[in-house]
Amino acid sequence: MIPKVTQEIIDLGDGRTISIETGKLAKQADGSVVVRMGDAMLLATAVSARTANPGVDFLPLTVDYREKFAAAGRFPGGFFKREARPSDQEVLTMRLVDRVLRPLFPDDYHAETQVMIQLMSHDENVMPDALAGLAASAALAVSDIPFYNLISEVRVGRVNGKLIINPSREQLAESDLDMMIGASKDSVAMVEGEMKEISEAEMIEAIKFAHEAIKVQIEAQEKLRAALGLTEYREYEGELEDETVKAKVKAVAYDKYYAIAQEASSKQERGEKFAVVKEEVVALYSEEEYAENADLAELVSKYNYKVQKEAVRNVILEKGIRLDGRKTTEIRPIWCEVDYLPSTHGSALFTRGETQALATVTLGTSREANVIDLPSEQGEERFYLHYNFPPFSTGEARPLRGTSRREVGHGNLAQRALKNMIPADCPYTVRVVSEVLESNGSSSMATVCSGTLALMDAGIQLKKPVSGIAMGLITDGNNFAVLSDILGDEDHLGDMDFKVTGTEDGITACQMDIKIDGLRYDIMEQALAQARDGRLHILGKLTDTLAQPRTSVKPKAPKIITRTIPGAFIGALIGPGGKVIQDLQKATQTTIVINEVDEQGVVEILGTNQEGIDAVLAKIDAIIFKPQVGETYEVKVIKMLDFGAVVEYTQAPGNEVLLHVSELAWERTENVTDVVNMGDVFEVKYLGIDPKTRKEKVSRKQLLPRPPREDKKPQPKKDNQG
C-alpha cells in the first residue's frame, strides 16, 4: 500500500515552483522530505540520538551533501565506478547548510545529530545547492528533533539589474552577483558569494530580497509541520548546572579576566595569563572533591570559559578596548614583501599583526586546468586557489588528516574574491597556493591580500588589486560593537565573522557567519561601511608594496604563445602516434597543447626559452605553409638531381619542391650545376600544380629577364633561269 504523502508548494512568482513532500521515502529517519524543483529532486533526512554521550559539551552535528551520478544519468569517472570522497563543491554545500543550522539548535542540546542530503534527480536548469538548506530544515521540521527556529537558503543573482531567486546556471553566467543567503524568519544568519564590484547598498538590497523569499519557504515548512499534526518536540537532558559552582568561579575569575582583557597583549602573552587564572579556578576545589563529584571538573571548566567570555566581551562593550589594545575600527600593523621565493613564477608575503600568509603563483597551459566533473556541473577552471592551514600556524602539534572542510571553504572564498579580476584574455592557467604561516584572525583575508600581490608579481595583469578584511561583532542584545580586523579570540568569543573583499570600486566576495539568532540590518550596514574603510586602508598597503602588475613574467616563469591553425593541419602537427609534437617538445624544451575549437586548432606553446618558442612557431609556419600561385618565395637548394634541384622554402623549413632543370634558366641547361649548387639561396616563382605531372611547380627563370629572340636572316632566292 502506498503511504500517505503530505505536500506543500512554494510559488517563486515567475512560473516556477518548489514542492516539499514527506511520508513516502526513508520513514525510519526522524524526519525525511523530498524537495523538488523542475526535474531536480533532493532527499533530505534528519536523525538525532535520544541521549547525549557522556562528557560531550557541544553539538556533534554532521551535515552531509552528495550528488549521485545516476541522478544525471552518468557514470562516475575514474577506475572504480562508484562515488567516493566528496568533491570540493559538495563540501562547500555541506558548509553552507551547517553554518546556518548549527547556531540555531538549543545551546544545551548535545545529542549526536546527522542531516544527510542527496541529489537523486538532476535538472540542468536547476542548481541543487540552492535547495539544500531548505531540504535540511524541512527534514528537521517534520521530526521531533528540538530545532525550533526553521530556516531556508536561496541563491540570488542579478541579470540586467533585476534580482532573481535561484537562477539557472545560464542566468548566473550573465549575473553580476552570485550570493547564497541563509536566514530564519526573523533575521539573516549566513551570507556567502561573489560579486562584480557591487556597492554595499546593492549588497544589502540583494540580502533583503533573498530574505523575503526565505520567509515564504519557512511558512511552507510550518504548514507542512502543522498538516502532520506535529506540535511537540522530544524531551532531552540539558546541560548540568550548579549555581553555587558558577558563582564561586565568577567571584574568583571575572575581575582577573577583565583586567587581562584591558591590557594590550599578544596572543601568547594573553594565553599564558588566561592559563594562570584557569589554574586558580581549578584549584578552588580539592582532589577529593573532584573525586567525589564526577561532574565537578566539567562544571568548573564550563563556567571558567563562560566567565572569561563574559569579561572579554564586557571590556569591549563598556570601555571600547580590545584584547590587543586597538580601537574598534583600528587595523593591525601590516607589512608586505613580493618576489620572496626565487624559483616560483610569483610570490608574496602578507603579514597583518600575528597573521601571515605566503602565496605562490604557478603558470601553465590549459592542460593544467582544474577539471570539474559532477552530476550537476562539468567544466574546468583556468584560475584556482588552494589554501593550506598547517597546525604550526597556531603553535599546535596535531595530526594531519588531509584537506579539511575549513581549508576548502577558505580557499574557495579567496578564489571567488580574486577570479573576476583575472583578465578574460589571460592565456595561462593560473594556480595560487596560500600557505598560512601564522594565524590569529582572518587568514583567509590575508590569503586574498597575499594572492593579489603574488599575481601582480607574476606578471598577471589584474584588472584591479583586491584586499579583504574580517569584521566581528560583540552584542548583549542592546549595546553592540562592530570590530574591524578581528583577532582569533574575538572570532571565538564574539557573535559574528563577516569577511568582505573588494577593489577600490566595489565588493568582489563576502562570507558572513552569525553565532547568535540573527543580525539586524542596521548592524550589517555599519559593518559593511566599516569594512569598506578597512579594505581601502589595507589596499593602500598593498599598492605601496607593488603599485602595478609587472609588465612581463619572470625569467624562470614560462612564456605562453597562442597560435590558431586551420583544423586540417592539427593531424600534421601531432604526427603519427604523436611523433611530430613529441619530438618538437623534446628538441625545443617546450610544452605544446592543442585544443580544437570551432574546427580550428588552438595551439598553446609554453616555455622559458624564447628560442625554443620561436622554433615551435617556425615549425607551425612550415606545416601550415601554403604557397600562392604567382607569388615569389626565397628558397634554398638542399639536394641536387640530374634533372633539377630540390629546394626548400626558407620561410617554411621542411617544405620542399622540385625545381626542374627546364625552369632554371631561359638558356638550355645541360648540367644543373652550371646554374645552381648545394646551399644556394635565391628566389623562385610559384606556378601552382603542373597539369601534366600533378605536382607543384616553381620556376627560377620566370624571375629572370627573358633574352630577346634571335631574328632569322632572309635566304637569297634561287635563280632558276639558265
Distance alone, cut at 3.5 Å: any donor-acceptor contact between the side chains of Thr429 and Glu368? no
Atom NE2 of His110 and atom CG of Asp57: how far apart are they, to the nearest 0.5 Å? 6.5 Å
Taking Ser143 for its side chain and Ile145 for its backbone only, find out whether a donor-acceptor pair lies under 3.5 Å. yes
When you check the side-chain N and O atoms of Ser366 and Asn595, is any donor under 3.5 Å from an acceptor? yes
Cation-pi check for Tyr233 against Arg225: NZ or CZ below 6.0 Å from the six-membered ring centre and within 45 degrees of the axis, yes or no? yes
Among Lys309, Arg520, Lys515, Arg313, the one residue meeting salt bridge (Lys or Arg N to Asp or Glu O under 4.0 Å) with Asp495: Arg313
Is Thr447 reaching over with its side chain to a backbone N or O of Ser443, donor-acceptor style, under 3.5 angstrom? yes
Glu124 atom CD, neighbour heavy-atom count above 12 within 6.0 Å: no
Is a salt bridge present between Glu239 and Lys302, judged by a nitrogen-to-oxygen distance below 4.0 Å? yes
To the nearest 0.5 Å, how far apart are CD1 in Ile507 and CD in Glu202? 9.0 Å
Are the side chain of Gln114 and the backbone N or O of Thr62 linked by a donor-acceptor pair below 3.5 Å? no
Exactly one of Lys419, Arg431, Gln415 clears side-chain hydrogen bond (donor to acceptor under 3.5 Å, both in side chains) with Glu381, and that residue is Gln415
Would you tell me whether Ser168 and Glu170 have side-chain atoms, one donor and one acceptor, within less than 3.5 Å of each other? no
Any side-chain donor near an acceptor of the partner, Thr501 and Thr508, under 3.5 Å: yes
When you check the side-chain N and O atoms of Glu67 and Tyr65, is any donor under 3.5 Å from an acceptor? yes
Asp178 and its side-chain hydrogen bond (donor to acceptor under 3.5 Å, both in side chains) partner, picked from Arg158, Arg416, Lys196: Arg416
Between Tyr236 and Tyr109, is the ring centroid distance below 6.0 Å? yes
Separation of Leu43 CG from Leu119 CG (nearest 0.5 Å): 10.5 Å
Could you tell me whether the side chains of Ser32 and Thr45 share a donor-acceptor contact shorter than 3.5 Å? no
Check whether the ring centres of His492 and Tyr305 lie less than 6.0 Å apart, and answer yes or no. yes
Electrostatic pair Asp373:Arg74 at N-O distance under 4.0 angstrom: yes
Ile514 vs Asp497 side-chain heavy atoms within contact, under 4.5 Å: no
Between Tyr384 and His386, is the ring centroid distance below 6.0 Å? yes
At their closest point, which heavy atom of Leu96 faces which heavy atom of Glu153, and how far apart are they? O-OE2, 2.6 Å
State whether Arg155 and Asp129 are salt-bridged, where the test is any N-O pair (Lys NZ or Arg NE/NH1/NH2 against Asp/Glu carboxylate O) under 4.0 Å. yes
Can a salt bridge be assigned to the pair Glu212 and Lys215 using a cut-off of 4.0 Å between side-chain N and carboxylate O? yes
Can Arg405 and Asp98 be said to form a salt bridge (Lys or Arg N to Asp or Glu O under 4.0 Å), step by step? CA-CA 11 Å; Arg405 290 187 179 188; Asp98 185 294; 5.2 Å; no
Scan side-chain atoms only and decide if Ser87 and Glu90 contain a donor-acceptor pair under the 3.5 Å cut-off. yes
Heavy-atom pair of closest approach, residues Met471 and Ile486: C-CG2, 3.7 Å
Between Glu435 and Asn388, do the side chains contain an N or O donor and an N or O acceptor separated by less than 3.5 Å? yes
